[in-house]
Amino acid sequence: MGSEKKVILTGMQPTGLLHLGNFLGAAYNWQKVLDGYTCYFFIPNQHAITIPQVPANLRNGTLNCVAQYIACGLDPERCTIFVQSHIVGHTELAWVLGCLTPLGQLYRMHQFKDKSAKNENIYSGLLYYPVLMAADILLYNADFVPTGEDQRQHVELARDLAEKFNGTYSETFTLPTPLIEGAGARIMSLKSPEHKMSKSDSDSNGTIYITDEPKMIRKKIATAITDSGDSIRIDPERPGIANLLNIYCAATGITLADGEEKFRTYTTYAHFKKEVAEAIIALLEPVQEKYRAIKDDKAYLQSVIQRGAETVQPIAHATIAKVYRKVGFLNQ
Ligand code: ATP
Ligand code: MG
């Protein structure tokens with residue numbers, strides 16, 4: 001009997017330590033779905049090289065990312081964790097999908113615009129990245145793709161390409177749906193709250209990493225940009241304070257309305273900031289404890305991704321065989 005469970009697939013680039021946005025917008029929600037779905041969590045190292053990387057850092061960062069996934073609650077006994085470059089089907093499918101993707105659609109992607117504005121040398125891989133991401137998703141016929149808000153457009157492209165392939169050839173791919181959850185979906189930088197918190201941000205003071213010590217978290221929150229007002233509420237004109245309130249609510253699991261009510265009588269930001277910092281520290285404590293316990297156990301981490309590759313390889317093979325047959329590639 002085949003499994004009736006719906007398929008979830010998602011991943012985080014091994015481009016640096018995970019931050020609070022990755023945690024609240026992504027990993028924290030992922031561990032809640034482990035038992036209800038067939039879950040594939042992969043490490044998109046091929047996406048990572050769309051921005052130049054130091055090879056040794058990428059190699060170490062990939063294994064480190066496995067440790068961070070597990071520390072964030074992705075129990076490898078209840079889900080599959082694997083590395084993108086171990087499965088050749090991702091790039092094979094990306095080529096086929098790329099031949100169905102209008103160039104204009106790629107130029108319109110927000111993330112391409114953001115990242116190309118931030119980097120001096122822009123390579124075609126950065127433009128092509130969403131096609132590879134569509135291949136990641138469609139290769140395993142994922143039903144749902146949990147992500148932060150910044151990836152919505154990319155999942156929509158994957159859906160468009162699935163429809164296009166199905167319409168051009170015949171019914172092949174499941175149409176994926178993004179799963180984007182509430183308050184944590186868009187955590188902003190503490191230093192420039194009009195931009196999202198990012199691993200690739202060069203100002204580390206704007207970013208809380210999941211491994212930051214309590215002292216560091218208190219310092220970063222205390223020096224977060226706010227404004228000269230004194231009321232604590234969601235106001236688009238005051239993105240710094242809105243971001244801190246959003247973080248507090250996501251970290252403690254309360255609604256924004258309840259958060260505004262809780263802090264209604266506060267008259268200084270300092271007191272509020274202390275509570276935000278303590279909420280983050282409490283949230284990250286179990287993650288940090290688990291991370292410390294496994295991060296240096298390379299044999300264990302390798303065994304997790306080895307097992308993951310063995311689980312997904314046959315699925316990828318079957319999809320590629322079907323796709324190649326449908327597009328008219330001759331068998332060997
Ligand atoms: P990079 O700067 O290298 O792109 P990143 O911080 O954007 O790194 P990704 O690996 O691209 O992280 O994204 C991993 C997951 O985290 C995705 O699901 C993404 O939507 C989510 N995510 C990233 N940044 C944030 C954020 N600031 N708030 C909420 N979710 C986020
Ligand atoms: Mg990103």
Side-chain angles (χ1 to χ4, degrees), residues 6-15 18 22 25-27 29-30 33 37-51 53 58 61-62 65-66 69 74 79-101 105-106 109 111-112 115 124-148 150-166 172-180 199 305 308-324:
K6 297 270 187 196
V7 174
I8 277 191
L9 176 132
T10 188
M12 306 217 212
Q13 299 188 58
T15 42
L18 301 187
N22 299 139
N29 301 320
W30 299 356
V33 297
Y37 298 83
T38 299
C39 292
Y40 301 123
F41 300 112
F42 75 114
I43 297 172
N45 55 346
Q46 290 168 318
H47 288 288
I49 62 165
T50 54
I51 301 289
Q53 303 290 330
L58 182 59
T62 301
C65 197
V66 180
Y69 274 14
L74 305 185
C79 64
T80 300
I81 299 176
F82 68 98
V83 176
Q84 187 183 31
S85 64
H86 291 174
I87 308 295
V88 70
H90 291 249
T91 46
E92 290 174 329
L93 182 57
W95 180 255
V96 175
L97 297 176
C99 295
L100 292 173
T101 312
Q105 203 168 356
L106 297 182
M109 293 287 155
Q111 189 148 115
F112 174 70
K115 287 199 172 179
S124 55
L126 190 63
L127 181 68
Y128 197 70
Y129 163 128
V131 178
L132 181 57
M133 180 164 158
D136 302 333
I137 297 168
L138 302 188
L139 194 58
Y140 305 100
N141 278 305
D143 296 280
F144 298 107
V145 183
T147 66
D150 62 316
Q151 296 291 333
R152 181 192 293 278
Q153 210 185 14
H154 293 165
V155 182
E156 281 164 2
L157 175 73
R159 198 179 166 90
D160 287 352
L161 290 176
E163 268 185 314
K164 193 149 183 198
F165 188 98
N166 292 350
T172 306
F173 293 119
T174 305
L175 305 192
T177 304
L179 273 189
I180 297 171
K199 281 190 244 101
I305 51 177
E310 284 162 13
T311 304
V312 297
Q313 187 66 271
I315 307 170
H317 266 314
T319 306
I320 292 297
K322 196 195 276 186
V323 166
Y324 276 16

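Residues take their numbers from the sequence shown, with the count starting at 1.
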Can you check side chain to side chain contact (heavy atoms under 4.5 Å, CB included) on Phe82 and Thr311, steps first, answer last? CA-CA 9 Å; Phe82 68 98; Thr311 304; over 6 Å; no

Enter the distance from [X]:[atom1] to [Y]:[atom2] here, rounded to the nearest 0.5 Å.
{"X": "Phe41", "Y": "Leu74", "atom1": "CZ", "atom2": "CG", "value": "5.0 Å"}
{"X": "Gln111", "Y": "His154", "atom1": "CD", "atom2": "NE2", "value": "5.0 Å"}
{"X": "Leu127", "Y": "Thr50", "atom1": "CG", "atom2": "OG1", "value": "11.0 Å"}
{"X": "Leu161", "Y": "Leu175", "atom1": "CG", "atom2": "CG", "value": "11.0 Å"}
{"X": "Cys79", "Y": "Tyr37", "atom1": "SG", "atom2": "OH", "value": "15.0 Å"}
{"X": "Phe112", "Y": "Leu126", "atom1": "CZ", "atom2": "CG", "value": "5.5 Å"}

Quick one: side chains of residues 313-323, donor-acceptor pairs under 3.5 Å with protein atoms, not counting sequence neighbours, listed by atom name and distance.
unit_1, atom_1, unit_2, atom_2, d
Thr319, OG1, Leu139, O, 2.8
Thr319, OG1, Ile315, O, 3.1

May I ask you to decide if the ring planes of Tyr40 and Tyr140 are parallel, tilted or perpendicular, using 30° and 60° as cut-offs?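 Rings of Tyr40 and Tyr140: tilted, 30 to 60°.
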
Give a yes or no answer on whether the side chain of [X] reaches the backbone of [Y] with a donor-acceptor pair at less than 3.5 Å.
{"X": "Lys164", "Y": "Leu100", "value": "yes"}
{"X": "Lys199", "Y": "Gln13", "value": "yes"}
{"X": "Asn29", "Y": "Pro146", "value": "no"}

Shortest non-hydrogen separation from [X] to [Y] and the atoms involved:
{"X": "Pro176", "Y": "Val145", "value": "CB-CG2, 4.2 Å"}
{"X": "Ala48", "Y": "Thr15", "value": "CB-CG2, 3.8 Å"}
{"X": "Thr174", "Y": "Ala142", "value": "CG2-O, 3.9 Å"}
{"X": "Phe42", "Y": "Tyr69", "value": "O-OH, 2.6 Å"}
{"X": "Ile43", "Y": "Cys65", "value": "CD1-CB, 4.0 Å"}
{"X": "Leu58", "Y": "Thr62", "value": "O-OG1, 2.7 Å"}

Taking C-beta and beyond as the side chain, do [X] and [Y] meet within less than 4.5 Å on heavy atoms?
{"X": "Asp160", "Y": "Gln105", "value": "yes"}
{"X": "Phe173", "Y": "Glu163", "value": "no"}
{"X": "Thr147", "Y": "Leu179", "value": "no"}
{"X": "Gln151", "Y": "Ile180", "value": "no"}

Please test Asn141 against Thr172 for side chain to side chain contact (heavy atoms under 4.5 Å, CB included), starting from the C-alpha separation and ending with a verdict. CA-CA 9 Å; Asn141 278 305; Thr172 306; over 6 Å; no

Identify each donor-acceptor pair in which a side-chain atom of residues 128-138 lies under 3.5 Å from a protein atom, sequence neighbours left out, and give them as a table.
unit_1, atom_1, unit_2, atom_2, d
Tyr128, OH, Ala94, O, 2.7
Asp136, OD1, Gln84, NE2, 3.0
Asp136, OD1, His90, ND1, 2.7
Asp136, OD2, His47, NE2, 2.8
Asp136, OD2, Gln84, NE2, 3.4

Results of side-chain hydrogen bond (donor to acceptor under 3.5 Å, both in side chains) for Asp143 - residues two or more places apart only: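 If we apply the side-chain hydrogen bond (donor to acceptor under 3.5 Å, both in side chains) test to Asp143, skipping adjacent residues, there are no hits.
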
Side chain to side chain contact (heavy atoms under 4.5 Å, CB included) for Cys39 and Val33? Distances and angles first, verdict last. CA-CA 8 Å; Cys39 292; Val33 297; 4.0 Å; yes

Within a reach of under 6.0 Å around CD1 of Ile49, are more than 12 heavy atoms found that belong to other residues, nucleotides or ligands?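 12 or below, so no.
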
